[in-house]
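All ligand and atom numbering here is 1-based and tracks the order in the structure.
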Amino acid sequence: MRMYDLIEKKKMGEALTTEEIYHIVNGYTHDEIPDYQMSALLMAIYFKGMDVRERYDLTMAMRDSGDILDLSSIDGVKIDKHSTGGVGDKVTLVLGPIIASIGVPVAKMSGRGLGHTGGTIDKLEAFPGFNGALSEEQFISQVNNIKIAVTGQSKNLAPADKKLYALRDVTATVDEISLITGSIMSKKLAAGTDAIVLDVTVGDGAFMKTKESALELAKSMVDIGKRANKKIAAVLTNMDEPLGFAVGNNLEVIEAINALKGNGPEDLMEVVYELGSQMIVFSEIETDKKKARALMEEAVANGKAFEKFLEFIEMQGGDASYARDINKFAPAKYVIPVEAECDGYVHALKAETFGLASMSLGGGRETFEDVIDMSVGIILNKKVGDQVKKGEAIAYVHANDEAKAKHAIEMIKSATEVSSEKCDHMKLIIDIVE
Ligand code: URA
């Protein structure tokens, strides 16, 4: 099989066979196919796409390129949740402990933040001592013992994706549905759970900027999950403005703690309850989504969800006293308001720019080697649809450096739209694909 012929075939819009797709993925993973040929193939896929059978083969070949976790020794239906990325997205921190406290086994592999989006493992490291790199044995035994474990992705999980993603990133081939489907679903299938709930974000701060493209991606991933015999659903959620009020590591952790104690922002809780009720239904603990949601609300109200969070942080070596007393989190040196320049209603708080502003304060990383400043970030004082008076704070910048704070304030101003016309609050749940 010659790579030249396979590039030519895809360039002409023909479908690659299963054997050809495995040959390509294996060859590239083992450095037998050079970057320049793989780049050409990626660009051909970008323009010609892949049919459903090709997508399935691509996903399976990528899944099979490394280890596949065997979670069969965990009791019950094991469930994973995955977000395609967002700004202020602390959903896992809230959702995981709530449903674990109801008895749903949460075996979650999480990533680190890159670019304008944050990562759950980084946020959990706000608790001194937290171990986000569990061995497979620790991971399995913790889920069996306390129903929840969150760990970073093991090095040999879908290694084909690591190489391919790095190449896509520098060849302008990230935003193609077949390639995103293969990338996300290969990792989800290698992670070995029985059920997957996908949070497909839509809007300014998301990969998918329009409902149409997000729906296409959601359908593609759900289709592949079903072909692989998984229980799977995707919820399309709004990411035009940041989720909740907090953006930045410690600030988001504090917001998550408050949410687990019953004081969560409405939009965050809406996403948490929607995804969580789907996960509970998959777990078969409750078959009715409304009743599942009621179970979650009860777990927050009676304190069981927060207790589970403390247990989970402690079990992974983290200092849970920070969750009991949020004043222990180191604050940023400066807290500076970003003031509204006129009276009116907030029409836009563009999520991507808020994410980039937090990153420019030191709260994110451009490369995986960068060190994150945990204390910086942004607290929104207004959400889209809120009324605002001239001079009132739209948001507060938490910074450790005055020049960086100034820059972030300018970015936030450029991402904020206020107008005299009334405006509705954003609808959070856009669609569900099952
Ligand atoms: N997230 C992934 O893991 N892969 C993609 O291709 C896009 C988002």
With heavy atoms of Phe207 as the reference, note each atom of ligand 1 found under 4.0 Å away. 7 (C), 8 (C)
Near Lys187, which atoms of ligand 1 are under 4.0 Å from a heavy atom of that residue? 2 (C), 3 (O)
Minimum-distance protein heavy atom relative to atom 1 (N) of ligand 1: Ile184 CG1, 3.8 Å
Between ligand 1 and Arg168, is the shortest N or O to N or O distance under 3.5 Å? yes
Below 4.0 Å from ligand 1: does a non-hydrogen atom of Ile180 turn up there or not? yes
Short N/O distance, under 3.5 Å, between Ser183 and ligand 1? yes
Report yes if some heavy atom in the side chain of Thr416 is under 4.5 Å from a heavy atom in the side chain of Phe354; otherwise report no. yes
With a 6.0 Å cut-off on ring centres, are Phe127 and Phe329 close enough? yes
Can you find a heavy atom in the side chain of Glu270 that is under 4.5 Å from one in the side chain of Lys427? no
Closest non-hydrogen atoms of Pro242 and Asp267, given as atom of the first, atom of the second and distance, are O-OD2, 3.9 Å
Can you list, pair by pair, the side-chain donor-acceptor contacts under 3.5 Å of residues 252-261, counting residues two or more places apart and other chains?
{"unit_1": "Glu252", "atom_1": "OE1", "unit_2": "Lys123", "atom_2": "NZ", "d": "2.8"}
{"unit_1": "Glu252", "atom_1": "OE2", "unit_2": "Gly248", "atom_2": "N", "d": "3.0"}
{"unit_1": "Glu255", "atom_1": "OE1", "unit_2": "Lys90", "atom_2": "NZ", "d": "2.6"}
{"unit_1": "Glu255", "atom_1": "OE1", "unit_2": "Phe245", "atom_2": "N", "d": "3.3"}
{"unit_1": "Glu255", "atom_1": "OE1", "unit_2": "Ala246", "atom_2": "N", "d": "3.3"}
{"unit_1": "Glu255", "atom_1": "OE2", "unit_2": "Phe245", "atom_2": "N", "d": "2.9"}
{"unit_1": "Glu255", "atom_1": "OE2", "unit_2": "Ala246", "atom_2": "N", "d": "3.3"}
{"unit_1": "Asn258", "atom_1": "ND2", "unit_2": "Ile254", "atom_2": "O", "d": "3.4"}

